[in-house]
Every structure is written in C-alpha cells, then in structure tokens.
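Below you'll find the structure, written out as structure tokens, and then a few comments.
Throughout, a chain's letter reflects where its sequence line sits, starting with A, and its residues are numbered from 1. Keep in mind that the numbers below use all heavy atoms, side chains included, and drop hydrogens, waters and symmetry copies.
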Amino acid sequence: MLRITTTEIENRRKWILQGQLAGPWVAELRSTWLGAMKSSKCVVDLTGVTFVDEAGALVLCEMKSAGVRFIASGVDTKHLLDDLKKKTAPPLRRCLSWLTCDTTSGKDETEKR
Amino acid sequence: MGLVAAGYGVVATSISARYRALIRIAQAIRGHRNPQELFQLLTTELRGVLPFDAIVQFDEAAKKVHFNHCEDHPHPHPESIRLAPEDTVAWWVYQNQQPMVIRDAEGETRFPAMMAVFKLFGIQSMCAVPLTTAHRRLGSLAIASEYADSYSDEDVLFFSLVADQIALATDDALNFEASQRAGERLKLLLDLSNRVMANLELPQLFKEISASIRQVMQCDGVAVILPEKGGAEKGEKTFRLYALDFPESKAPPDEMAPVPVEGASSLATVFQTGRPLNLRYSDLMDDMVAKAEGIHAVCHLPLAGRNRMLGILTLGRLEDVPFSNDDLEFLGQVANQVALAIENALAYGQIAELKDRLAQEKVYLEDEIRSELKFEEIIGQSAALRSVLKQIETVAPTDSTVLIYGDTGTGKELVARALHNLSSRGKNAFVKLNCAAIPTGLLESELFGHERGAFTGAISQRIGRFELAHNGTVFLDEIGEIPLELQPKLLRVLQEREFERLGGTKTIRSDARLIAATNRDLGTMVDEQKFRQDLFYRLNVFPIRVPPLKERTEDIPLLVRHFVQQFSRRMNKHIESIPSETMKALVRYDWPGNIRELQNVIERAVILSPGPALKVSLADLKPRVEAAVVKRLEAPQAVENVNIQNVLDETERAQILRALDQSKGIVSGPDGAAARLGMKRSTLQFRMQKLGISVSRTPSR
C-alpha cells in the first residue's frame with residue numbers, strides 16, 4: 001500500500017510518500033496530484049517508498065516534467081529518478097502483488113511512453 | 001291465526017304460521033355466518049312466533065352464557081350479570097341434551113343463582129333446548145318470559161325445531177369459519193417457510209412474520225424474545241425483545257429492550273422446560289406488563305433448536321379469549337419455523353464471521369510471507385526477460401499447462417506466480433509443492449490427500465494439494481523428481497481432472513491448473529525411461545525457459561541496485577553508492593547460482609559494508625572470473641571442440657609407450673614398465689590392451 005501525506009511549509013507543498021508506488025496506488029497518486037493545485041514549488045519525498053513499478057515511474061516522470069522536485073534515498077530510487085530524463089525505454093519493473101489479469105495499465109503506459 | 005299471549009300483543013301460534021316462520025328463520029340464518037349477528041336475528045324473528053322477554057345462549061366453544069333482554073326495562077345491564085355456566089339451566093340442557101321448561105320460577109329450587117337473576121329481571125318461566133347436530137354439541141338456547149307458564153308442549157316442540165335449524169346453521173358457520181381459519185393458517189405456515197428460506201436477517205424476518213402471525217391468530221400482540229448472545233458463557237441469561245408487533249400497546253418498549261426473566265416467571269419456565277404455557281386472565285393477575293397493557297390472554301411458546309433452546313415466541317390478546325388447544329398445536333408449528341429461521345440465521349452469522357476472520361487471516365499471512373526475505377518483483381531490461389514476460393502474458397489467460405525450465409535460482413517460482421496472478425484464477429489459491437523436498441512415500445498423499453486410516457499414521461483425513469487448489473493453480477517444482485509409479489495418477493489429473501484420495505474410493509474432481517518447473521532435461525529422462533513420455537508431452541504444452549543470469553548481464557546492475565536498497569532498508573543501513581569497479585566485477589561474474597546467489601552476495605555485502613558505499617568481497621568472485629577470462633583468452637575453440645576422454649587416452653598412451661621404451665619392452669619386474677609407472681603388471685597389461693599397445697613389436701603411435 002501507499003500512504004500519501006501532504007504538508008504546507010512556507011508556501012511550499014511537501015508530499016511524503018510511504019510504501020509501494022505500484023499497482024492501484026499509482027492511479028491514486030496521479031488523481032491526488034492532479035486534484036491538488038499543480039505547483040512547481042512542490043516537493044515529493046520518496047525516502048519512504050519501497051518499490052516503484054513502471055506505471056509509478058511514469059507518474060514520477062510527469063511530476064518531474066511539471067517541475068516537481070524529489071527527495072530520495074537508496075541507490076535504486078536515485079537511479080530511477082536519474083533515468084527519468086532518458087528517452088530510452090524504461091526497464092521492466094513489476095510487482096507480483098499487483099500483477100493481475102486486469103492490470104494492463106503499466107504495460108500500456110510503458111508502451112505509449 | 002294469531003293469539004294474544006299475556007302482555008305480548010299478537011303472537012302467531014297456528015301451525016302454518018309457525019312453520020312459515022320456521023322457513024323464514026331457516027332462510028335468514030343461511031345468509032348469516034357470523035354467530036353474533038345470527039343471535040341478534042333470531043331474537044327478532046322468534047319474537048313473532050314465540051312469546052319471550054329474554055333469550056339465553058350457552059356457547060360451548062367459549063364456555064360462556066350470553067343473556068340478552070329484549071326490552072329496555074329498567075333492569076341491570078345483562079352484560080353485568082356474571083353467572084358460572086354450571087349454575088344455569090342452559091348448562092344443564094347442554095349436559096343432558098334434553099329440553100327443560102321452568103313453568104314458574106317462584107317454585108323452582110334447582111338453579112338458585114340463576115333464579116336470583118330471573119328475579120332481578122322479573123323472569124317467571126323459561127324454555128331451554130339443546131343446540132346439537134348429528135355430530136356436534138354446540139350449546140343450548142333458552143327463551144324466558146316475565147309471565148308464568150308461558151310455554152306449552154307445542155311451544156317446546158316448535159322451539160326444538162327452531163333450535164335444530166339454528167344448530168345446523170351455526171355448525172355450518174363454524175365449519176366455514178374453521179375451514180377459512182385452517183386455510184389462513186396453512187397460508188401463514190407457507191408464508192413463514194418462504195420467508196425463512198429467503199431471509200437470513202433476523203430483525204427484518206421477525207418484523208415481517210410477527211405481523212402475519214398476529215393477523216392470522218386473531219391476537220393483539222406478538223413478541224420474539226431471545227437470550228442475549230454470550231450471556232450463557234458469562235453464567236447469566238439476559239433476554240432481549242428482538243421483535244414486537246403490538247400496535248395497540250400503551251407503552252411500546254424499545255427494540256432490543258431487556259426483558260426481565262426471573263427464576264420462577266412464566267418466561268423462565270418456558271425456556272427451562274421447553275413446553276408451551278397458556279395463560280388465562282386469572283393467571284396474569286401478577287403480571288405487571290399484562291396488567292398495564294390490559295392483556296387478558298397470553299401464550300408463550302418455546303423456540304427449540306436441534307439441541308438447545310433458542311428463545312420464546314409470545315402472543316397476547318386484549319380480549320378475554322384464551323388460546324385453544326387447537327391454537328397451541330398450530331402455534332407449535334409456527335414456533336418450529338421461527339426456530340428454524342433463528343438457527344439458520346445464527347449459523348449464517350457464524351459462517352459469515354468465520355469467513356471474514358479467515359479472509360483477514362489470509363491477508364495477514366500473505367503479507368507476512370511477503371514481508372519475509374522473499375522478493376516478488378520482476379526487474380530487468382534484457383530482451384531475454386522481456387521475452388519471458390511476453391510468453392507469460394500470452395499463456396497466463398489460458399488454462400494450459402505450463403512447464404518452466406531453468407537453472408537453479410533463476411526465478412521459476414516467480415514466473416509461476418506471475419502466470420497465476422495474470423490468469424483468471426488469480427484470486428484463488430496458488431498451491432506450491434516442491435516434489436524434491438517431500439519423501440517419495442508421502443508425495444502421493446501430499447498431492448492427492450488421504451482418508452483416515454489409509455496408512456499407519458493417517459490419523460485424520462487430509463486434503464491434497466490438487467483439492468486445495470480447486471479453481472486455482474498448483475505449482476509443482478522439481479517435477480522431474482516425481483517417481484514413475486506416481487506419474488500415471490498425475491497424468492489422470494491433468495487429462496480427466498479427477499483422482500481419488502489415498503485409501504479412498506470416492507472420485508474427486510478438481511479444476512486446478514498445473515504449472516510445473518524443473519532444472520532437469522525431461523526429454524533425456526524420457527529417453528532414459530526415467531520419466532513417462534505421455535506425461536512429458538502433457539506437461540510440455542507451453543514450455544517457458546527462464547534464462548540464467550549470465551545470459552542477461554544487462555539486468556545485473558538493476559538487480560544489484562534493487563537488492564542493495566531492499567537489504568539496506570531492512571538492515572537499517574545507508575548504502576548510497578555502488579563503486580563502478582564493484583559493479584563491473586558483479587556483471588563479469590558467471591553467477592552459477594543465478595539470482596539467488598546474487599541476492600545472497602548482496603545481502604552479505606550490505607552486512608559487511610561499513611560506510612555509504614557498497615563493499616563486495618571481490619575475492620569471492622575473482623577466481624571464477626579469472627578462470628573464465630583465461631579460458632576465453634587462451635583456447636576458446638579447443639574447449640568447445642576437444643573430447644576430454646580422447647585427451648586423457650592420448651596422455652596415458654604416451655606415458656605407457658615412454659615407459660616401455662625405457663624398459664626395452666619389458667613389462668614386469670623391478671625395471672619393467674609397470675614398476676616405472678607405479679602400477680601392477682596386470683593393470684598395465686589391461687590398459688595396454690585397451691589402448692591397442694603390444695610389446696612384441698614396436699608400439700603403434
């Protein structure tokens with residue numbers, strides 16, 4: 001699961017994500033982010049994120065394009081954020097828990113990307 | 001022809017007039033089914049042909065005497081007269097089934113209580129006849145006059161004829177009423193059965209059925225009282241009002257209000273004895289609720305389950321009409337239906353509760369399994385991995401059997417789980433069995449289950465993996481280890497989807513999809529007759545080969561970073577970088593243990609890393625790396641083409657020829673070739689023969 005916490009510090013909104021950014025929580029993050037006022041002064045803290053799947057990476061890419069800054073720790077997450085700039089096809093990142101017969105979003109989005 | 005009877009005006013006393021009146025009465029009473037209306041009609045009609053001032057009826061069904069004065073005399077109201085039936089002439093006539101005439105009340109000594117009433121109303125004479133048909137006693141009917149000696153024998157005869165007609169009509173009305181009531185009751189029972197079957201929500205069910213019961217049973221209130229859940233365990237019995245249908249209640253209690261049930265109360269008695277209790281007005285004198293509500297008759301019925309008391313069904317009437325034995329018998333059937341509904345609903349509630357608990361436990365256990373040192377992520381960017389995932393996505397939605405090939409540690413189980421999750425069976429069980437990990441003797445029992453007593457030690461029945469995985473997936477790892485004698489049974493499950501438990505005769509069907517995995521070459525095993533050919537073909541419907549890590553080296557950096565992050569999080573260490581030399585060494589390494597080995601190496605490295613940079617013991621990887629490099633650099637072709645046995649044979653041959661040359665062809669003895677080679681003469685001779693070396697001539701090269 002994923003927990004999304006938002007705080008407002010000095011006119012800057014900080015989003016703290018904890019858990020897996022994968023499966024159904026990708027859509028949850030996307031809708032929460034789209035529902036909130038898009039602000040370039042937004043900071044997303046990914047230090048509590050344990051796994052990011054392909055669809056999750058795509059949302060992070062959108063956020064990065066919108067000017068969002070990230071705080072991350074761990075070699076994998078940092079590398080993933082670096083890779084967001086690249087134009088090459090992203091690597092496969094799937095989690096068995098969210099791999100179901102009606103999960104095609106990740107695949108489709110990856111292909112579109 | 002009319003006759004003026006004393007004080008009555010014209011009363012038709014001729015035979016023809018009386019019989020015309022009789023026919024009129026007969027016609028009139030046929031049109032009335034209500035006994036009360038009939039009684040009123042009779043009073044009017046009879047007054048034209050018989051002289052009387054009052055009419056008395058004894059109703060056998062109600063065990064009551066009705067006294068009705070015809071004129072508005074300044075007498076006490078007849079309803080205020082309360083006479084015990086036994087004290088009346090009407091009772092005597094009913095008991096003896098004979099007419100009785102009291103010609104002058106002044107001289108009558110047999111019925112003092114009734115004569116006192118007569119005196120009160122100024123009654124002087126009376127004629128009473130039984131109301132009886134051929135098969136039923138209905139009561140009796142009497143007419144009374146304020147004049148003495150008002151009734152002749154002819155009057156008595158005529159009155160008897162009228163009574164016969166009335167008896168027939170009353171009987172007919174009662175029969176009609178009874179059949180209507182029976183129909184309504186049957187309808188109620190059917191309605192109850194239908195509701196009990198269709199509704200498992202008790203409060204709603206009680207609300208619906210209590211209204212129906214009240215209507216059919218002609219009562220004013222119906223209540224269902226159940227003991228509170230868990231009260232018995234605490235050693236106390238608290239009862240609650242689960243449903244109440246009492247529209248005319250003066251102080252309706254709240255739903256689920258506690259019901260006081262003391263030790264000797266009627267409710268407690270019914271609950272303890274399991275017998276119904278029929279309470280009349282006189283029994284309810286001490287009942288505060290009955291008194292306050294004006295209830296005159298109450299009936300408590302036990303709601304008995306299969307082996308316990310479930311509660312009490314209570315009915316009450318405001319009218320002083322006690323519940324009959326017929327009512328009790330019918331209500332007993334109603335109570336059985338209600339008890340069935342309660343038992344079903346309680347069982348349903350328990351099942352739902354257990355189901356919820358199991359679902360929660362399942363989620364918890366799945367989470368716990370996941371949180372252990374098991375990874376369930378598929379990560380990589382190699383074409384080989386993409387190809388495997390493509391194959392998984394292709395075959396998963398089908399129900400086909402899949403055979404996963406791959407070296408140890410390549411992630412065959414992960415592939416099997418992905419196949420299961422991506423299939424329509426994903427929400428059902430994924431049951432795994434490692435065939436190599438189970439002793440051969442127990443494998444059949446593990447796969448197909450066993451009946452109690454199937455073998456020594458089978459102390460209880462056991463469900464096999466195929467049965468557990470019904471509508472789900474069975475994953476058989478190390479399928480090559482299944483013994484030959486068990487393979488036909490496995491083949492049958494795959495083909496027919498049916499099997500018998502060990503020691504059982506009942507054929508069980510299981511719709512489980514099979515995914516098998518092996519790191520052995522099943523084709524070769526078939527050639528060596530170690531694996532059945534038919535089973536092999538049945539398994540090999542859709543083979544998926546999971547590539548070893550050395551075939552997808554581009555995935556290694558991704559996997560390394562993933563494992564490093566996961567392990568450092570679990571061990572609360574802050575590894576923030578991986579030196580490029582370390583990464584290169586990890587990529588170069590062969591990884592014979594594949595991802596499992598990589599995972600273990602990274603775990604050890606995270607433990608051993610003192611700072612923010614990952615430190616891998618390169619010594620563990622170096623020898624193999626060097627050997628591989630040397631092999632590739634020095635003789636890449638030779639390694640591939642030369643047969644090692646030929647090399648060995650040639651070396652041995654050269655050594656033997658050299659020794660023979662030095663010993664001048666002598667094989668045995670201290671200077672012989674055998675001694676020079678450090679072996680027995682017979683061994684050397686055997687080796688020479690095998691290699692085609694002869695001592696009598698120059699050895700062939």
If I measure from the heavy atoms of chain A, does [X] come under 4.5 Å with its side chain, its backbone, both, or neither?
{"X": "Glu554(B)", "result": "neither"}
{"X": "Ala418(B)", "result": "both"}
{"X": "Leu389(B)", "result": "side chain"}

message: Counting only heavy atoms from other residues, nucleotides and ligands, does the tally under 6.0 Å from NZ of Lys550(B) exceed 12?
response: no
message: So for atom NZ, which belongs to Lys78(A), do other residues, nucleotides or ligands contribute more than 12 heavy atoms lying within a distance under 6.0 Å?
response: yes
Pick from Leu414(B), Val564(B), Val560(B) with the largest number of heavy-atom pairs that fall under 4.5 Å of chain A: Leu414(B)
- request: Pick whichever of Glu576(B), Gln381(B), Arg561(B), His562(B) has the most heavy-atom pairs under 4.5 Å with chain A.
  value: Arg561(B)
- request: Check the pair Gln20(A) / Glu377(B) against side-chain contact (heavy atoms from CB on, under 4.5 Å), numbers first and verdict last.
  value: CA-CA 11 Å; Gln20(A) 288 189 335; Glu377(B) 294 87 13; 4.2 Å; yes
message: Before you tell me yes or no, could you show the steps for Phe51(A) and Gln565(B) under side-chain contact (heavy atoms from CB on, under 4.5 Å), namely the whole-Å CA-CA distance, both residues' side-chain angles and the distance that decides it to 0.1 Å?
response: CA-CA 10 Å; Phe51(A) 181 70; Gln565(B) 183 157 324; over 6 Å; no
When rounded to the nearest 0.5 angstrom, what distance separates [atom1] in [X] from [atom2] in [Y]?
{"X": "Glu393(B)", "Y": "Arg94(A)", "atom1": "CD", "atom2": "CZ", "value": "5.5 Å"}
{"X": "Leu422(B)", "Y": "Leu96(A)", "atom1": "CG", "atom2": "CG", "value": "8.5 Å"}
{"X": "Asp76(A)", "Y": "Ile575(B)", "atom1": "CG", "atom2": "CD1", "value": "14.0 Å"}

- request: Taking all non-hydrogen atoms of both residues into account, name the closest pair between Ser577(B) and Val75(A) and its distance.
  value: N-CG1, 3.6 Å
